[in-house]
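Here the structure is laid out as structure tokens; the discussion comes afterwards.
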Amino acid sequence: MKSITDTLEQRISQAIGKVTGQKGCPALVSVSKNPKFGDYQVNGVMAAAKKMKTNPRQLAEQIVEELDLDDICQPPEIAGPGFINLRLKDEFVAGRLLEINSDKDRLGIEKVKMPKTVVVDYSGPNIAKQMHVGHLRSTIIGDCISRMVEFEGHIVVRQNHIGDWGTQFGMLIALLKEQYPDILENPGSVEIADLEGFYQEAKAKSDNNEAFTQTARDEVVKLHNHDKDTITIWQHIVDESRKHYLPIYQQLSVTLNTKDERGESFYADKLADVVEQLKAKKLAVESDGAMCVFPGDFKNKDGEPLPFIIQKSDGAFLYATTDLAAMRFRIDELKADKIIYVTDARQSLHFQMLFETAKMAGWTNDDINLMHVTFGTMLGTDGKPFKTRTGGTVKLKDLLEEAVQRATAAVEEKNPDLPAEQKKQIAKAIGIGAVKYADYSNNRNSDFIFSFDKMLAMEGNTAPYMQYAYARIKSIERKAEDNGVNTQNKLTGIKQLAFTEEAEKELAKMLIRYDQAIAVAAEECRPNYLTSYLYDLAQSFSRFYNACPVLKASSDQRAVRLLLCDLTARTIKHGLTELLGIEVVEQM
RNA sequence: GUCCCCGUAGCUCAAUUGGAUAGAGUGUUGGCCUCCGAAGCCGAAGGUUACAGGUUCGACUCCUGUCGGGGAUACCA
């Protein structure tokens, strides 16, 4: 079914067009902030009046004359300088709820009619090292974007642009060869249990031992020349590394898989061609020994044109080259209509130059939407970059473990009598959910202060609050079941409902807005719009819960209220598990 | 120097991109459990949206400038 905002937007825009005789005067329908102004408000009349050089209130009256919204709204009201305020009819709201109720999978939300191919580039860990907190935001924000866009009905191609080809692999290969001289005979027998330790060891040796440094350099050259033995060892390191980061994706309920990996190594043999073509197009020129493109009018600190360096003076390629190759692959082979890059804000200049260069080269055009989705830095409670007490980087694994541990303590305190296995599962859902939700609920552009205490707080806009709201509803349904009322049986095939209490209506109106929340969050790539909606919904439910007894209500009322409970639970569950990748629990 | 992001209640943050009286949480404070899970709900207090101009019916939002914080800025990614 079509979203209410879209329906209203369409009909009212049409009426505006008819009255003014002009195209391009959108109705600009939005949800009213203040209930005094109804449920939805039309903001576009003032702009249209300006265009027509006419009185906005009069224009609004003419538009209202022309409007037929009787099936949806009560008679529209004109207010202020020329707003049109709309109040939904109870019957319409009830009808919507019944439609949502009858669609178990998609809660009545239509798929887009014209699916696009959307490439989402996110996570992208440097796999020589263990994943640390710096990877968290890209990983989960990108995952939520992928899930939302996919749910809308677009074709999402996830791309995990892993760092698997850098110079650091030279020293890892050299060290592995040194420690296990017979590794080539049986690479599978060698395990790297402590990836980070192994990296540190290689780095220390590289810093202090010239002979080793030279060997490492030689290995890089061999790697890039596809030397068979070196490639074998490299592949082994990649495989070992994968054993470390795939479980973290799994723990985070991140949808990335091995098949989504398309890292630096994949593009390695496409880089020379990128440079050749840019040279042929006369875009790349030599400057200070390096091959550079000078896109746009970016300046360096001396006020001179800023180069986008695609080949170093020693002949090596850089991430600019790789990103250009990747963009060509995504547009030419993956047929991307849109590419979303989820990386921190510090890389914004790089992406501006990348996009500009690709445009100059004719590798992309205005039909392809290139979007750099930025996010701020993760800070500690002291406001400084998030580090361990000793100043090291925080490993993602440790961070998640601590979150689960803290959640375990909370569950133990609140609900000690649950079976141990269930407590464990709840603690995991709460702990991991808290970490993810805290990040999602923040505006991604702001720097984000990481605080276990805040995110695990049981009150406020947190994962536990959302999970609690869900668990409470499930508790009602269990109680109903005990009284011989099966909620699903009761609600299947329900044909009509009537609201009696204000709290019921408020909750119902929240429920029918879920599609709009997803649409906006996906469009802007802002998960916090979604969490914000879910939180409003949960609060709306809590008010309803306090005001309207469900099980003790009369039979008719009970049916309406059970439906409201069930749809709330399904919406929260869908939002959390399907779109945010956060588990819900039946009890907590 | 140039460019980008940010500056909103004591604190942590929103504000659907130009809409009406700037909202939540937390903290402070007053109330609500013989009633479906109080990890909850209702109320009070708390603001010159850093500052100064400008654009217009209307500005936290757009433009100009100033102050303050962060980041980027030639061969790491």
Side-chain angles (χ1 to χ4, degrees), chain A residues 5 28 30-34 36-37 41 43-44 46-47 49-50 56 79-83 85 124 126 161 163 166-168 264 287-292 297-304 306-314 316 318-320 322-323 343-350 352 374 376-377 381 383 410 414-415 441-443 445-449 451 454 457-462 464-465 467-469 471-480 483 516-517 519-521 523-524 526 528-529 532-533 535-536 539 542-553 561 565 587-588:
Chain A
T5 323
L28 302 178
S30 69
V31 174
S32 302
K33 274 187 192 163
N34 191 331
K36 195 170 92 183
F37 303 130
Q41 63 184 48
N43 299 323
M46 277 88 77
K50 191 172 180 180
F83 294 99
N85 294 335
N126 174 356
H161 196 93
T167 48
Q168 70 274 35
E264 292 167 349
S287 172
D288 288 354
M291 236 347 122
C292 308
D297 50 2
F298 301 101
K299 300 267 192 301
N300 70 9
K301 40 195 155 194
D302 301 322
E304 292 155 1
L306 187 63
F308 193 53
I309 302 176
I310 55 173
Q311 190 171 24
K312 289 164 54 172
S313 45
D314 67 0
L318 299 98
Y319 79 138
T322 310
D323 275 345
T343 79
D344 68 290
R346 285 177 305 200
Q347 295 186 42
S348 68
L349 180 60
H350 166 74
Q352 283 178 44
T374 58
T377 313
T381 38
K414 295 285 182 184
N415 222 336
S441 58
N442 235 56
N443 181 335
N445 264 341
S446 323
D447 289 343
F448 163 60
I449 295 183
S451 157
K454 280 250 160 74
M458 303 303 172
E459 53 278 313
N461 187 7
T462 63
Y465 177 91
Q467 288 161 326
Y468 174 69
R472 256 194 330 187
I473 300 173
K474 287 294 148 181
S475 172
I476 294 176
E477 294 188 351
R478 278 194 302 274
K479 287 250 158 54
N483 297 343
Q516 187 64 18
V520 178
E523 175 65 28
E524 306 290 331
R526 290 189 185 276
N528 68 305
Y529 289 172
S532 167
Y533 166 82
Y535 183 61
D536 285 347
Q539 279 191 311
S542 282
R543 278 192 286 273
F544 157 82
Y545 178 89
N546 266 56
C548 307
V550 178
L551 300 175
K552 289 183 176 171
R561 291 177 184 179
C565 285
Q587 289 179 67
M588 63 187 283

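Chain naming here is simple, since letters A, B, ... match the order of the sequence lines and numbering starts at 1 in each.
Taking atom OH of residue Y533(A) and atom C1' of nucleotide A24(B), one finds them 17 Å apart after rounding to whole Å. Summarising the geometry, the separation between CG on N34(A) and P on U16(B) is reported as 16 Å, rounded to the nearest angstrom. Rounded to a whole Å, the NZ atom of K454(A) is 6 Å from the C1' atom of C11(B). Counting to the nearest Å, the P atom of A72(B) and the CZ atom of F308(A) are 17 Å from each other. Nucleotide A77(B) holds its C1' atom 9 Å from the NE2 atom of H161(A), rounded to whole Å. Distance, L28(A) CG to G58(B) C1': 14 Å, rounded to whole Å. If you take NZ of K33(A) and C1' of U61(B), they are 10 Å apart, rounded to a whole angstrom. When rounded to the nearest whole Å, the span between CG of N43(A) and P of A59(B) equals 14 Å.
Nearest heavy atom pair, residue S542(A) against residue R472(A), reads OG-NH2, 2.8 Å. Here the shortest heavy-atom pairing between I309(A) and A320(A) reads O-CB, 3.4 Å. The minimum heavy-atom distance between S30(A) and N43(A), with the atom names listed, is OG-ND2, 3.4 Å.
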> Just the dot-bracket of RNA chain B, please: which string comes out with Watson-Crick or G-U pairs under 3.5 Å, [ ] for crossing, | for another strand?
Replying inline: (((((((..((((.....[...)))).(((((.......))))).....(((((..]....))))))))))))....

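In this structure, the separation between OG on S532(A) and CZ on R526(A) is 12.5 Å, given to the nearest 0.5 Å. Here the NZ atom belonging to K299(A) is positioned 9.5 Å from the CG atom belonging to L306(A), to the nearest 0.5 angstrom. For the atom pair N461(A) CG and N442(A) CG, the distance stands at 10.0 Å (nearest 0.5 Å). Considering CG of N126(A) and NE2 of H161(A), their distance stands at 11.5 Å, rounded to 0.5 Å. Atom CG of D323(A) sits about 7.0 Å away from atom CZ of F308(A), to the nearest 0.5 Å.
Between F83(A) and F37(A), the distance from one ring center to the other does not fall under 6.0 angstrom.
Taking only side-chain atoms of K50(A), from C-beta outward, the nucleotide of A77(B), C57(B), C13(B) with the closest atom is C57(B).
Evaluation of atom-type donor-acceptor distances gives a pair under 3.5 Å for the side chain of E524(A) against the base of U17(B). For A77(B), its base never sits under 3.5 Å from the side chain of T322(A) at any donor and acceptor pair. A donor N or O paired with an acceptor N or O is found under 3.5 Å between the base of A20(B) and the side-chain atoms of N85(A). For U73(B), the base has no donor-acceptor partner in the side chain of R346(A) [N/O atoms by modelled type, under 3.5 angstrom].
The glycosidic torsion of C35(B) lies more than 90° away from 0, which places this base in the anti conformation. Taking syn as a glycosidic angle within 90° of 0, U17(B) qualifies as syn.
A20(B) and C36(B) are spaced 41 Å apart, taking the P atom of each and rounding to whole Å. Remark: the separation of the C1' atoms in A50(B) and G68(B) is 8 Å, to the nearest Å. For G19(B) and A77(B), the C1' atoms lie 43 Å apart once the distance is rounded to whole Å. Rounded to whole Å, the separation between the P atoms of G70(B) and A15(B) comes to 24 Å. Distance noted for atom C1' between A72(B) and C76(B): 14 Å (whole Å). The separation of U17(B) from C60(B), taken at their P atoms, amounts to 15 Å, rounded to a whole angstrom. One C1' atom belongs to U26(B), the other to A14(B), and the distance between them is 14 Å to the nearest Å. The separation of C3(B) from U8(B), taken at their C1' atoms, amounts to 25 Å, rounded to a whole angstrom.
Taking for each of Q516(A) and I449(A) the nucleotide of RNA chain B with the nearest heavy atom, the 5'-most of the two is the partner of I449(A). Toward the 5' end of RNA chain B, the nearer of the two residues G80(A) and P307(A), judged by each one's closest nucleotide, is G80(A).
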> Which letter, B, S or -, goes with each nucleotide of nucleotides 32-40 of chain B from 5' to 3', with contact meaning a protein heavy atom under 4.0 Å?
Replying inline: ---SBBSBB

> In the 5'-to-3' direction, what one-character label does each nucleotide of nucleotides 1-10 of chain B receive under the scheme B = base within less than 4.0 Å of a protein heavy atom, S = sugar-phosphate only, - = no such atom?
Replying inline: B---------

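At a threshold of 4.0 angstrom between heavy atoms, the contacts of Q41(A) include nucleobase atoms, whether or not backbone atoms are also involved. S30(A) comes within 4.0 angstrom of nothing in the nucleic acid, heavy atoms only. Contact annotation for N528(A): backbone-only contact, meaning every heavy-atom pair under 4.0 Å involves sugar-phosphate atoms and none involves a base. If you check every strand for non-hydrogen atoms under 4.0 Å, D447(A) touches sugar and phosphate atoms only.
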> Run the side-chain hydrogen bond (donor to acceptor under 3.5 Å, both in side chains) check on S32(A) and N85(A) step by step: do they pass?
Replying inline: CA-CA 8 Å; S32(A) 302; N85(A) 294 335; 5.0 Å; no

> Given S313(A) and D288(A), is the side-chain contact (heavy atoms from CB on, under 4.5 Å) satisfied, shown in steps?
Replying inline: CA-CA 8 Å; S313(A) 45; D288(A) 288 354; over 6 Å; no

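When the side-chain nitrogen and oxygen atoms of Y529(A) are compared with OP1 and OP2 of A15(B), one or more of them lie within a distance under 4.0 Å. Neither OP1 nor OP2 of U12(B) sits under 4.0 Å from any side-chain N or O of N461(A).
In terms of modelled atom types and a separation under 3.5 Å, the side chain of D302(A) and the main chain of E304(A) share no donor-acceptor contact. A donor-acceptor pair under 3.5 Å is absent between the side-chain atoms of T374(A) and the main chain of D344(A), judged by distance alone. Formation of a donor-acceptor pair under 3.5 Å by the S287(A) side chain with backbone atoms of A290(A) is not found in this model.
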